[in-house]
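Protein chains get the first letters and strands the later ones, always in sequence-line order, with residue 1 at the start of each. What you see is a predicted model; the values in this text were computed from it and never measured.
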Protein chains: 2
Amino acid sequence: MTKTALKDFEALLERHRLKKTAPRLKVLSMLAAKNVATSQPDLEGVMNDIDRVTLYRILSAFEEKGIIHKVFDLNGTANYAMCSSNCGENHHHDEHLHFNCTSCKNVYCLDDLDLHGIDLPNGFKLDGFTLYATGLCPKCSKAVSKNNSKQFN
Amino acid sequence: MTKTALKDFEALLERHRLKKTAPRLKVLSMLAAKNVATSQPDLEGVMNDIDRVTLYRILSAFEEKGIIHKVFDLNGTANYAMCSSNCGENHHHDEHLHFNCTSCKNVYCLDDLDLHGIDLPNGFKLDGFTLYATGLCPKCSKAVSKNNSKQFN
DNA sequence: AGAATAAAGCAAGTATATTGCAATATTAAT
DNA sequence: ATTAATATTGCAATATACTTGCTTTATTCT
């Protein structure tokens, strides 16, 4: 983690009136470094010095403040990823495609997707939505075809 | 449950080479009677004579066979609903809108939605997708506005 | 530096789901 | 209709994800 990034994270916490603690900064740096959503168990594995409960509380605090957003993967486990800048307190705008790779299990957040023109049946009042997709991510798709051609398993 | 429906469910099980057992028929009749997806805990509550594990096994067997499909609600709990007729063994076509009401928590399966023209970034191989939305269903939306106008809570 | 307060850590508990195995029900063959 | 083969159920135990209550520690404000 660069010094600049650390300053950024500290500023982020300040903006949301959250105290700057070591565990919170660590979670921020972990999540910001990945382009895929991460589960609490995965985070716990990487940061084995931080208590499980602390992690849960940090994640829900961040979610409430609009710093990260939650998406459930194929197994129903919560995964977390940094929000785009326009999310606010108790108000998320994560209307993007969540792509869950069936091979590596990663959940990719794919922004910049045009989801306009979706018409709901009469009476339904839309709050927010997310397109959830499954399949193979570029890396795994490559690996699979490579393995196939080499007759490996 | 009408006798006709029962015969239908028995035929359905036969088609999928599943033995016609009381628990399976009961699950089918419960799911078919609802137009919303149902969670395992909810099913367990209604069918308290059937073992929890049996329920899990029935649900995953049905899912594998393409009889029902699974969708996670706001809390990450698995909910199950009957598939449209064109689902097959290990191959689902539940590409429809799952609408999770924030008030009654019901998950509605809204078919007949045009989700074409969704372009994935290069390299992603799409397997299946589902649009997951939250908000108020017609019933709750009505109830809320009624309550508001009467100044109730 | 010290007080007020928020957050972390620990222990215990809950809910959802899974696995192994014995008992039971279904199906097919006689 | 019985019986044998086999699939399914039910039970006990276990795993995993998450929660709650309470004490200790760290942060921040003065």
Side-chain angles (χ1 to χ4, degrees), chain A residues 6-7 9-30 37-65 67-80 89 100 105 107, chain B residues 6-7 9-28 30 37-65 67-80 89 105 107:
Chain A
L6 177 61
K7 281 282 165 231
F9 296 144
E10 288 182 348
L12 184 59
L13 290 176
E14 248 170 39
R15 265 206 303 287
H16 289 98
R17 292 169 302 281
L18 292 170
K19 300 202 166 154
K20 291 168 267 181
T21 68
R24 282 177 178 167
L25 290 167
K26 202 164 182 184
V27 169
L28 282 179
S29 75
M30 293 303 310
T38 315
S39 66
Q40 186 279 339
D42 281 358
L43 283 171
E44 196 185 335
V46 181
M47 317 193 295
N48 38 18
D49 51 330
I50 290 172
D51 189 75
R52 168 196 305 256
V53 179
T54 300
L55 215 41
Y56 277 112
R57 286 198 267 237
I58 287 175
L59 292 171
S60 44
F62 283 3
E63 201 201 356
E64 244 174 49
K65 294 290 186 178
I67 298 173
I68 62 177
H69 68 270
K70 173 159 71 171
V71 58
F72 293 102
D73 65 18
L74 286 170
N75 307 310
T77 309
N79 286 54
Y80 299 88
E89 191 135 348
N100 196 174
K105 313 296 177 197
V107 177
Chain B
L6 177 61
K7 281 283 165 230
F9 297 144
E10 289 183 347
L12 183 62
L13 289 177
E14 248 170 39
R15 266 205 303 288
H16 289 99
R17 291 170 301 283
L18 292 171
K19 300 204 167 153
K20 291 167 266 180
T21 68
R24 282 177 178 166
L25 290 167
K26 201 164 182 183
V27 169
L28 282 179
M30 293 305 308
T38 315
S39 66
Q40 187 280 340
D42 280 358
L43 283 170
E44 197 184 335
V46 181
M47 318 195 294
N48 39 18
D49 51 331
I50 291 173
D51 189 76
R52 169 195 306 258
V53 179
T54 301
L55 214 40
Y56 278 112
R57 286 198 268 235
I58 288 176
L59 291 171
S60 44
F62 283 2
E63 201 199 357
E64 244 174 48
K65 293 290 187 177
I67 298 173
I68 63 176
H69 67 268
K70 172 157 75 170
V71 58
F72 292 102
D73 65 18
L74 286 169
N75 308 310
T77 310
N79 286 55
Y80 299 88
E89 192 135 348
K105 314 294 179 199
V107 177

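First and last contacting nucleotides of DNA chain C toward chain B (any atom under 4.0 angstrom from a heavy atom, 5' to 3' order): dT16(C) to dT27(C).
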_Run the side-chain contact (heavy atoms from CB on, under 4.5 Å) test on Ile67(A) and Leu18(A) for me, step by step, so that the C-alpha distance in whole Å, both residues' side-chain angles and the decisive distance to 0.1 Å come before the verdict._
CA-CA 11 Å; Ile67(A) 298 173; Leu18(A) 292 170; 4.1 Å; yes
_Evaluation steps, side-chain contact (heavy atoms from CB on, under 4.5 Å), between Leu13(A) and Leu25(A)_ = CA-CA 9 Å; Leu13(A) 290 176; Leu25(A) 290 167; 3.8 Å; yes
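Listed here is the closest heavy atom pair of Met47(A) and Val27(A): CE-CG2, 3.5 Å. Closest non-hydrogen pair, Leu43(A) versus Met30(A), comes out as CD2-CB, 3.9 Å.
Across all strands shown, Thr21(A) has heavy atoms under 4.0 Å from sugar-phosphate atoms exclusively, and none from any base.
Ionic pairing of Arg52(A) and Glu44(A) is present here: one or more N-O contacts between side-chain nitrogen and carboxylate oxygen are shorter than 4.0 angstrom.
Asp51(B) places a side-chain N or O within 3.5 Å of a backbone atom of Val53(B) that can act as its donor or acceptor partner.
Between the OG1 atom of Thr21(B) and the CD1 atom of Ile50(B) there is a distance of 8.0 Å, given to the nearest 0.5 Å.
Using modelled atom types, one finds no donor on one side chain facing an acceptor on the other under 3.5 Å when comparing Glu63(A) with Tyr80(A).
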*Report, as a single string ordered 5' to 3', how protein heavy atoms within less than 4.0 Å touch nucleotides 17-24 of chain D: B base, S sugar-phosphate only, - not at all.*
SBBBB---
